[in-house]
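The next block holds one structure in the form of structure tokens; read it before the comments.
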2 protein chains.
Amino acid sequence: MDRTARHSETRYGNRPTMKDVAARAGVGLKTVSRVVNSEPGVTPDTERRVQEAIDALGFRRNDSARVLRKGRTASIGLVLEDLADPFYGPLSRAVEEVARAHGALLINGSSAEDPEREQELVLALCARRVDGLIVIPAGDDHRYLEPEIKAGIATVFVDRPAGHVDVDMVLSDSFGGAREGVAHLIAHGHRRIGFIGDQPRIHTATERLRGYHAAMRDAGITVEDGWVSLGSTEPERVRAAAEEMLGGPEPVTALFAGNNRVTVTAVRVIAERERPVALVGFDDIELADLLGITVISQDAAAVGRTAAEHLFRRLDGAEHAPARVELPTTLIPRGSGELPPA
Amino acid sequence: MDRTARHSETRYGNRPTMKDVAARAGVGLKTVSRVVNSEPGVTPDTERRVQEAIDALGFRRNDSARVLRKGRTASIGLVLEDLADPFYGPLSRAVEEVARAHGALLINGSSAEDPEREQELVLALCARRVDGLIVIPAGDDHRYLEPEIKAGIATVFVDRPAGHVDVDMVLSDSFGGAREGVAHLIAHGHRRIGFIGDQPRIHTATERLRGYHAAMRDAGITVEDGWVSLGSTEPERVRAAAEEMLGGPEPVTALFAGNNRVTVTAVRVIAERERPVALVGFDDIELADLLGITVISQDAAAVGRTAAEHLFRRLDGAEHAPARVELPTTLIPRGSGELPPA
DNA sequence: TAGGCCCTGGACAACGTTGTCAAGAGGATG
DNA sequence: CATCCTCTTGACAACGTTGTCCAGGGCCTA
């Protein structure tokens with residue numbers, strides 16, 4: 001490296017530092033720091049001189065150095081499954097809004113439902129020393145977080161519970177929501193009801209399935225083989241599952257879709273059929289009102305906001321035992337769930 | 001502060017450092033650094049001892065310190081309008097994916113279409129010394145970025161051009177797309193066509209309006225007062241605008257919607273009407289296929305990917321003059337745009 | 001066996017900021 | 001006029017890491 005250029009103000013890629021500003025303003029380093037941080041104890045005249053130097057040089061405080069010194073980064077990490085999913089967009093935005101209110105920035109990462117990638121992301125965020133972490137887990141074992149939590153990184157799990165660590169959680173009532181949705185179909189006369197959900201590895205998927213079974217049991221209905229399908233939410237698989245349930249000599253007369261992506265595909269399959277098929281989906285979808293799709297709605301923004309507020313309460317010093325919050329869901333009848341059996 | 005506890009390994013909130021690891025492993029500080037960074041020149045035996053100490057202490061490298069020393073943060077910033085908007089989710093995800101491939105994390109922030117907030121966010125990201133910046137601008141004057149760009153923060157503007165600074169840009173062909181969409185309606189017999197768009201302050205809004213005017217002019221149609229409405233995309237305003245155009249003695253027979261949110265509201269308004277109204281919307285929407293909505297589609301993921309790739313090419317040292325890329329749009333006919341005039 | 005080389009490992013400074021502390025100026029008070 | 005106090009200012013260390021440079025030991029060669 002060219003050592004003679006070390007402190008040059010003009011070298012490309014070498015930003016001016018407080019030292020440069022101090023030299024130019026003819027004051028001490030600490031005085032510049034005081035001006036930059038609006039600390040008291042600086043004469044208006046000195047402040048003006050420093051400010052002029054700052055503007056002239058285009059100085060911008062280096063937060064990396066600040067973070068190193070202060071220990072807090074004023075940033076939080078959010079690890080979710082897929083930022084492109086319409087459920088996570090609003091959630092993420094809600095988290096960001098709360099963070100902003102607390103003067104923090106948000107670093108996002110998508111795990112793509114891959115436990116390894118989740119861990120990789122989370123640890124990268126910890127290495128950055130984010131102040132807090134909101135995680136929508138892909139994996140089911142989070143012991144790797146123990147040293148981080150012990151070291152003081154506040155953590156909140158969202159949408160799905162954490163595995164083998166004791167942390168705050170904010171969940172939706174998947175069980176209750178699914179149970180209500182299936183009971184709704186039963187109340188409209190259905191007895192042969194199919195359930196198409198996400199991979200059984202995912203907590204919400206099994207909770208919703210549990211809700212389905214509970215509603216069927218409540219109504220004294222025996223669930224037949226072939227009425228339940230868990231697996232990826234790829235359109236092809238969902239389509240195959242739906243078509244199988246709707247075909248054959250004794251087809252189901254209604255479908256319960258385990259999440260927004262399943263619902264979308266189910267709507268497409270049903271649209272192609274002549275015989276009407278009732279449908280209730282978990283998660284609301286844009287334009288579902290126009291298509292008359294009955295859904296169990298969960299408020300993604302509320303989930304995100306709640307989680308972020310918990311997180312910042314922790315960061316502000318709350319010390320109570322880890323809490324588990326469960327947010328309610330709402331049934332929104334729009335027609336597809338009120339169709340009688342064909 | 002309790003100075004005696006300064007270097008304790010167990011103090012809450014005080015993470016072990018390389019120094020602690022070195023002490024425990026009985027090696028020098030730099031040796032730990034070498035192991036952590038997989039640098040050569042460490043005997044397998046020494047490496048094992050260090051690794052054990054790392055695991056035992058739960059050590060995690062402090063990237064803040066690393067960044068300070070190395071000068072690169074391995075993170076990029078993305079400032080967009082609203083993460084909850086279905087157009088920006090996929091865009092953001094695409095950016096993230098490219099960043100990941102380059103080993104960088106993504107910090108995003110929503111400007112909420114507020115120029116001041118945009119600037120605040122951008123400067124906060126610069127203070128963090130992100131390596132690069134992708135901005136979907138809300139404002140139209142970006143001279144505040146000059147010192148940052150001169151200091152070497154690579155910057156790419158997306159979706160809308162930058163004001164008064166010379167940087168890379170990745171845009172969609174708003175003008176051409178709108179022109180094509182309106183021409184499509186004209187080709188299906190419409191002459192009285194309404195345009196409902198976003199605030200004229202926003203570049204894409206005026207470009208699309210320009211496309212509308214061009215198509216009308218090409219067809220020799222004089223645009224009447226009251227056929228054009230620019231303003232916020234709030235449902236109430238859009239609804240009022242649409243109802244006004246569709247009411248009265250000489251209503252329009254077709255609508256062109258300037259973006260996804262306008263389209264959604266327009267679909268709702270039209271659904272309430274008896275007389276069919278043709279519609280073409282800018283931006284694709286989930287389930288638009290089922291509703292038969294004809295759209296001008298732009299590939300949000302491609303926009304994000306292209307921008308991020310440009311950015312990293314810059315970071316890898318590309319020095320050519322700032323480029324302006326314009327991505328094409330696609331007309332997807334689905335029914336609503338092919339309705340004849342009522 | 002001396003001389004040279006390579007390999008491993010460690011001491012030290014530096015990155016840019018902030019907290020601590022002390023010095024000096026200037027005014028008020030006895 | 002001496003003393004004390006307040007207010008402004010700056011020198012210095014520290015945050016945890018990495019780059020530079022040097023030392024010491026082992027090995028090879030002449």
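Model, not experiment: these values are computed from the prediction. Letters A, B, ... are given to chains in the order of the sequence lines, protein chains preceding strands, and every chain is numbered from 1.
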**Report entry** Residue whose nearest DNA chain C nucleotide is more 5′ - A:Asp63 or B:Gly28
**Finding:** B:Gly28
Excluding sequence neighbours, so at least two apart, what forms salt bridge (charged side-chain N to carboxylate O under 4.0 Å, His left out) with [X]?
| X | answer |
| --- | --- |
| A:Glu39 | none |
| A:Glu118 | none |
| B:Glu47 | none |
| A:Arg314 | A:Asp168 |

Residues which pass ring pair (Phe, Tyr, Trp, His ring centres under 6.0 Å) with [X], listed by chain and number, not counting sequence neighbours:
| X | value |
| --- | --- |
| A:His164 | none |
| B:Phe87 | none |
| B:Tyr88 | none |

From [atom1] of [X] over to [atom2] of [N], roughly how many Å is that when rounded to an integer?
| X | N | atom1 | atom2 | value |
| --- | --- | --- | --- | --- |
| B:Arg49 | C:dG10 | CZ | P | 8 Å |
| A:Asn62 | C:dG16 | CG | P | 7 Å |
| A:Leu68 | D:dT17 | CG | P | 9 Å |
| B:Leu29 | C:dA13 | CG | P | 14 Å |
| B:Arg69 | D:dT17 | CZ | C1' | 8 Å |
| B:Arg60 | D:dT17 | CZ | P | 13 Å |
| A:Lys70 | D:dA14 | NZ | C1' | 14 Å |

Query raised in the report: Does any N or O in the side chain of A:Asp131 come within less than 3.5 Å of the main-chain N or O of A:Ala74, such that one atom is a donor and the other an acceptor?
Result: yes
**Report entry** A:Thr73 side-chain N/O to A:Arg129 backbone N/O, donor-acceptor pair under 3.5 Å
**Finding:** yes
Query raised in the report: Counting only distance, no hydrogens or angles, is the base of C:dG16 paired donor-acceptor with the side chain of A:Lys19 under 3.5 Å?
Result: no
Query raised in the report: Is a salt bridge present between B:Arg128 and B:Glu148, judged by a nitrogen-to-oxygen distance below 4.0 Å?
Result: no
Query raised in the report: Where do B:Lys150 and B:Glu146 land on the salt bridge (charged side-chain N to carboxylate O under 4.0 Å, His left out) test, with the steps shown first?
Result: CA-CA 6 Å; B:Lys150 217 180 287 173; B:Glu146 262 168 19; 5.7 Å; no
Query raised in the report: With sugar-phosphate meaning primed atoms plus P, OP1 and OP2, does B:Val27 contact a base, only sugar-phosphate, or nothing at under 4.0 Å between heavy atoms?
Result: sugar-phosphate
Query raised in the report: Which part of the nucleic acid, if any, lies within contact of B:Lys30, taking any heavy atom under 4.0 Å across all strands shown: a base, the sugar-phosphate backbone alone, or nothing?
Result: base
Query - Contact summary for B:Leu68 and A:Ala65, nearest pair of heavy atoms - result: CD1-CB, 3.7 Å
Query raised in the report: If every non-hydrogen atom of A:Asp63 is compared with every non-hydrogen atom of B:Ala124, which pair is closest and at what distance?
Result: OD2-O, 4.5 Å
Please determine whether a side-chain nitrogen or oxygen atom of [X] lies at a distance below 4.0 Å from atom OP1 or OP2 of [N].
| X | N | value |
| --- | --- | --- |
| B:Arg66 | D:dT18 | yes |
| A:Thr31 | D:dG10 | yes |
| B:Arg61 | D:dT18 | yes |
| A:Thr46 | D:dT9 | yes |

With the criterion being N/O to N/O and under 3.5 Å, what pairs connect the protein with nucleotides 23-27 of chain C, and how long is each?
none

**Report entry** Pairs flagged by ring-ring contact (aromatic ring centres under 6.0 Å, His included) wherever residues 48-75 of chain B is involved - sequence neighbours left out
**Finding:** none
Report summary line: Ranking D:dT17, D:dT18, C:dG16 by distance to the side chain of B:Phe59, first place goes to D:dT17
Query raised in the report: Where along residues 33-42 of chain B does a heavy atom come under 4.0 Å from DNA chain C, residue by residue in number order?
Result: B:Arg34, B:Gly41, B:Val42
Query raised in the report: For residues 122-133 of chain B, which residues have at least one heavy atom under 4.0 Å from DNA chain D?
Result: none
Report task. Enter the inter-axis angle for the ends of the helix from C:dT1-D:dA30 to C:dG30-D:dC1 (five pairs per end, rounded to 10°). Result -> 50°
Query - Approximate separation, where rounding is to 0.5 Å, of A:Leu91 CG and A:Leu80 CG - result: 7.0 Å
